[in-house]
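Note sheet for the following structure.
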Amino acid sequence: MSKEITPRSENYSQWYNDIVRKAELAENSAVRGCMVIKPYGYAIWEKIQAQLDKMFKETGHENAYFPLFIPKSFLSKEAAHVEGFAKECAVVTHYRLKNDPDGNGIVVDPDAKLEEELIVRPTSETIIWSTYKNWIQSYRDLPILCNQWANVVRWEMRTRLFLRTTEFLWQEGHTAHATEAEAVEETHKMIDVYAEFAKEWMAMPVIQGHKTENERFAGAIDTLCIEALMQDGKALQAGTSHFLGQNFAKAFDVKFTDKDGKLNYVWASSWGVSTRLMGALIMTHSDDKGFVLPPKLAPIHVVIVPIYKTPEQYETICAKANEIAKRLRVLNITVKVDDRDTQKPGWKFAEYEMKGVPVRLALGSRDIENGTVEVARRDTLTKETIEMESLEAYITNLLEEIQTNLYKKAIDFRNENTYTCDTWNEFQDILENKGGFVYAHWDGTAETEAAIKDKLKVTIRCIPFNNKQEDGVCILSGKPSKQRVLFAKAY
RNA sequence: CGGGGUAUAGCGCAGUUGGUAGCGUGCUACGUUCGGGACGUAGAGGUCGGGCGUUCGAGUCGCCCUACCCCGACCA
């Protein structure tokens, strides 16, 4: 492994790739556009999953699992939906291989053609609503509040580790309700869950809002999102929650009898976050020395590096290190004692910095004599020598402080890179030269939105919740506007 | 799918007018080291992406594939 990662100032994309690879989060696989998530990266995803799963269950949801394959005809039942996904679907056409009659290995058996092609799910609305049809007859069967953890495939032109891969891991919630109000409430409830998770666990500030019609999910009436600002000034959509109205209920003929004995279509929501959150995590906190992880999502909170010269010292110091580890583990702190004799301290220091371990303890003979330990924190790269007895309180407090500090740094960064613009020149200058979030007036038309996208590659990230209503004129068209919306270049 | 690249040791690369392949790093062993990615010595590791052609001779020249990367368009 080489010693350097590309600085952000030199090449941000390269820096991102270096972190993903050198922190051993993921790597490209033998399959085009698909990644291998390595153990350390997967451990972080598992922590993300565990917490979200808990939050879903606390809000009344249950996990279920639906098939990977979707009959082609299902996908086309909702017009906007098929329009949105048709161009990026992997299609299964055959179910058997055979030996090549010409002796060139193995070929698809032309006799094993499927009667109806199967689509590898790009999202599961259709297969789930075809199933819900069988589950729902009466208002007593509602609501249905299901989530599934799954992989999906979208055949993207260009991929980037975690941010956009052909296959990715995610969770998708799919709910069915008796009333519109209830489905809308669910849609909002879940975007709030995502926002809370982003803030409290990822230490990542997000803006919640509505997507414009252009940016809406294919098949949704309304799409809510959380948008985060990355260090290079680009926005990342980190999660979405859709109010689907009765679109899928109508497409799959899912009706129920209400209390008055009337037959009605069911109301729906769907919501999801993906392994893209890993990319968000990297680009929110990391620096030129490597990955920086908020303690709440760190697979290892504290690493202890013993420093020794002789075998006797090794014995003594490792014994002490294990004792410290034991004391900390009682407090639910994950501790790794790196007692490998095969790597040297300096190497280990660099390694754990690369991997973003929040706290590192160095323990040498000096410390054993003095009853101290050296504590280094990853977020600030500062070191302190502290008394051994007060370690528990100190570390507990430090982990909380790092979590808080990371959020503060991220929100300070976002504030410094959020602008309010009233002229096109200023708007253009900021978005082309600095990047960041820009609040500006928009006339509300899809044409203007598209024209701005065309000129600057800038999109409306969202119309924030509780947006201040104020009279103004559109940044591009000069037509009257009632509110500012959030613009940015996006991933 | 348009434009531009790249393909040589696990990884990153060099290879001159065509003459039989090298550097860094990593790996293995031993010794000295060990509080910020140590050093020395000795080793192992390559059908040069694939195919066809030119030539006495091809990593190098020509043609045809294939894969991947970057910039666009598309997108969580």
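Predicted model only: the values in this text are computed from it and were never measured. Proteins come first, then strands; the chains are lettered A, B, ... in the order of their sequence lines, and each starts at number 1. Only this structure's heavy atoms are used, side chains among them; waters, hydrogens and symmetry mates stay out.
Nearest-nucleotide assignment on RNA chain B puts the 5′-proximal partner with A/Arg32, out of A/Ala490 and A/Arg32. Between A/Leu381 and A/Thr275, the residue anchored closer to the 5' end of RNA chain B is A/Leu381, taking for each the nucleotide with the nearest heavy atom.
As judged by a 4.0 angstrom heavy-atom cut-off over every strand, A/Arg360 is placed among the base-contacting residues. Contacts of A/Leu163 with the nucleic acid, taken as non-hydrogen atoms under 4.0 Å apart, include base atoms. Among the protein residues, A/Thr385 comes within range of no part of the nucleic acid, since none of its heavy atoms lies under 4.0 Å from any strand. Residue contacts shown for A/Arg366 include a base, since a base heavy atom lies under 4.0 Å away. Within 4.0 Å of A/Ser13, counting heavy atoms only, lies no atom of the nucleic acid at all. Within 4.0 Å of A/Gln237, counting heavy atoms only, lie sugar-phosphate atoms of the nucleic acid but no base atom.
No hydrogens or angles were tested; on distance alone, a donor-acceptor pair under 3.5 Å links the side chain of A/Glu353 to the base of B/G36. Contact of A/Lys383 with B/G35 (side chain to base): no donor-acceptor pair of N or O atoms is detected under 3.5 Å.
When the side-chain nitrogen and oxygen atoms of A/Lys457 are compared with OP1 and OP2 of B/A73, one or more of them lie within a distance under 4.0 Å. Contact annotation: A/Lys344 reaches the phosphate of B/A38 (side-chain N/O to OP1 or OP2, under 4.0 Å).
In the set B/G37, B/G35, B/C70, B/G37 carries the atom at the smallest distance from any side-chain atom of A/Ala350. In the set B/G36, B/C74, B/C34, B/C74 carries the atom at the smallest distance from any side-chain atom of A/Lys453.
Between B/G19 and B/G31, the two C1' atoms lie 42 Å apart (nearest whole Å).
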